[in-house]
Amino acid sequence: MTSYIYPKFGYRRSQEQAEGIVKRHPIVVIGAGPIGLTAALDCAARGQPVVVLDDNDTVSIGSRAVCYAKRPLEIWDRLGCAAPMVERGVSWNVGKVFFQDQLSYQFDLLPEADHQWPAMINLQQYHLEEMLVAQCRANPLIELRWKHRLISLKQAADYATLAVETPDGIFTMEAQWVIACDGANSDVRKMVGAEFTGQFFQDRFLIADVAMKADFPTERWFWFDPPFHPGQSVLLHRQADNIWRIDFQLGWEANPEEEKRPERVIPRIRAMLGEDTEFVLEWVSIYQFACRRIDNFRQGRVLFAGDAAHQVSPFGARGANTGVQDIDNLAWKLAMVLRGEASEALLDSYHEERAYAADDNILNSTRATDFITPKTKPSRYFRDAVLELARHHGFARPLVNSGRLSTPTPYVTSALNTPDHDAVPGGMRPGTNAADAPIAVDGKPAWFLHCLGDGFTVVAFGNVSDKIEIAVGPFAAKLILVGRDIEDPKGLLAQRYGASPGTTYLFRPDQYVAARWSGFDEAKITEAMLRASGHDIADRTELAA
Amino acid sequence: MMLNLSPNIADPDDFYAELINSQRDLDEEQALRMNARLILLLANHIGDRKVLTEAIGCARRGGG
Ligand SMILES: Cc1cc2nc3c(=O)[nH]c(=O)nc-3n(C[C@H](O)[C@H](O)[C@H](O)COP(=O)(O)OP(=O)(O)OC[C@H]3O[C@@H](n4cnc5c(N)ncnc54)[C@H](O)[C@@H]3O)c2cc1C
């Protein structure tokens with residue numbers, strides 16, 4: 001059916017299996033989906049060698065993720081692969097919501113000007129994975145092992161033993177740390193006995209990818225109760241290569257096997273697109289969606305990320321988007337622990353911060369699903385009332401929920417933050433991801449996020465110091481002075497950071513704000529740096545002395 | 001602001017008649033749909049989240 005040719009990455013017997021030696025690796029990633037591949041790139045970017053095991057030897061099959069938001073693009077840019085994604089993908093800003101046969105309202109993502117990356121791109125998951133694989137292959141610290149299925153995992157105090165099955169049989173590996181990115185049906189989760197609980201929605205969706213040359217604009221169109229599919233919802237979205245994604249809500253009673261047959265699917269699509277539109281079916285699948293999360297993202301030496309840690313319904317496009325941010329949070333912490341710069345306790349903050357974000361995503365996805373699939377007749381009346389009123393009155397439009405744009409969840413309650421004491425204005429509170437801004441370096445245009453270092457970075461406005469770094473214990477933060485190292489020609493950096501002369505920010509290695517002050521004070525900076533790397537009060541006093 | 005539970009409508013009999021009359025020629029489904037629209041219109045007019053929470057709670061408890 002599909003016009004996409006799935007690459008074959010090719011199995012190779014590893015030296016350790018050939019020689020029958022048990023080797024202990026610092027990091028083994030299970031699963032080469034978008035999250036496992038991103039994990040490999042980020043660990044390698046932080047200097048750690050990493051082995052990735054995947055039970056298959058190709059990319060994700062069929063219709064899965066489409067939309068990727070700005071923050072994942074910033075992360076992939078840090079890992080050197082955002083530009084080709086944006087180039088290959090489709091950028092869009094306008095969304096239209098229809099109710100029955102009329103436009104209910106339309107929105108514009110209206111991305112703030114002066115950012116490097118768009119608010120959203122659409123790209124088939126298989127293209128995305130191919131790019132990530134290419135990026136991994138170019139990195140000597142990463143070893144991708146295809147047709148390597150993890151079949152058992154046992155934990156000791158400071159390592160895990162993995163039994164791995166390949167076409168050459170079963171062999172044993174050891175890992176100081178395992179990053180489990182083996183998807184929603186995670187085997188690793190079962191192997192460690194973790195709980196994975198939440199809500200299954202009593203509804204089914206037909207997801208079809210079709211190839212067509214149509215004059216639909218590059219917009220997101222969402223229908224509630226349209227004439228061509230009464231009583232249910234439909235979504236139309238454009239992907240690369242003139243492939244379009246269509247989601248049909250089917251209801252709980254639908255028979256999945258029956259509905260997948262082209263004889264059933266084609267008339268549905270024809271009714272929607274009109275008799276004259278020529279199209280070819282690329283792929284059809286039926287999904288039931290769920291919102292669930294693992295009880296703890298850290299289970300001893302095993303760290304869970306992506307769908308293995310949390311599953312969300314796809315309205316709002318949060319699955320891969322949030323999984324990539326798990327890795328952004330995890331990789332620098334794991335590298336610090338492996339280098340002996342921080343204790344294992346730092347990894348508990350990975351659970352703290354990302355479980356908080358997962359709960360936020362699940363809340364958003366559940367709300368959208370409840371709007372799209374009202375559970376009772378009265379809730380359906382409210383839903384329809386919102387859509388009717390939205391056609392005429394602005395007040396009802398914010399109540400329409402066909403999925404909210406995925407944005408990063410600030411870690412407002414994180415123990416790694418140094419709470420605000422002085423009044424720095426603006427929303428860049430500790431726990432927030434750094435806003436980008438256009439700046440200049442040596443008179444040439446540049447982006448702020450590109451100046452942030454691999455470790456901690458201190459950014460201060462004004463000529464507050466003659467140092468180039470601030471060091472404490474094992475850490476040396478790069479010190480960037482606005483006015484000395486970078487210029488802010490448009491004043492946007494100062495505006496986005498609520499800065500006046502003296503304002504100082506401390507950024508973590510994942511570009512999140514750890515602390516901010518209205519003046520520059522080295523003792524406060526070093527204290528905040530130690531707190532942000534999980535050092536307790538006793539350590540902090542000792543290291544600062 | 002708190003949810004106002006004292007008389008606040010100037011001409012209560014007239015208001016009540018208007019409410020009932022507005023649905024006189026609707027079937028049950030149409031009336032329930034209209035009620036949903038009415039609740040949303042009024043809720044937006046009130047706007048105050050605390051008052052809305054109080055009203056939802058009060059209605060849910062059976063008015064008590
Ligand atoms: C219809 C649909 C639409 C979606 N739309 C979006 C969207 O627009 N935006 C978005 O961000 N997300 C979207 N998602 C979600 C997105 O597809 C997932 O969140 C994403 O694939 C998760 O990536 P992952 O790497 O965690 O897991 P997966 O992609 O599931 O990868 C897991 C990998 O682990 C391997 N594996 C499993 N078990 C083993 C084992 N025992 N040993 C070795 N390897 C193993 C598998 O072969 C696989 O390669 C959508 C999902 C669906 C179904």
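Just so it is clear: chains get the letters A, B, ... in the order the sequence lines come, proteins before strands, and each one is counted from 1.
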> So if I take each residue of residues 389-425 of chain A and look for any heavy atom under 4.5 Å from a heavy atom in chain B, which residues do I end up with?
A:Leu389, A:Phe395, A:Leu399
> Please look at B:Leu38 and chain A and tell me whether the side chain, the backbone, both or neither of the residue comes under 4.5 angstrom of a heavy atom of that chain.
neither
> Within a radius of less than 6.0 Å around OH of B:Tyr16, do more than 12 heavy atoms belonging to other residues, nucleotides or ligands occur?
no
> For the CD atom on A:Glu258, are there more than 12 heavy atoms of other groups (residues, nucleotides or ligands in this structure) within a distance under 6.0 Å?
yes
> What's the separation between atom CE in B:Met34 and atom OH in A:Tyr381, rounded to the nearest 0.5 Å?
14.5 Å
> Around B:Glu29, counting heavy atoms of other residues, nucleotides and ligands shown, do more than 12 lie under 6.0 Å from its CD?
yes
> Report the distance from atom CZ of A:Arg380 to atom CZ of B:Arg33, rounding to the nearest 0.5 Å.
7.0 Å
> Step through the shown structure and confirm whether more than 12 heavy atoms of other residues, nucleotides or ligands are within 6.0 Å of CZ on B:Arg37.
yes
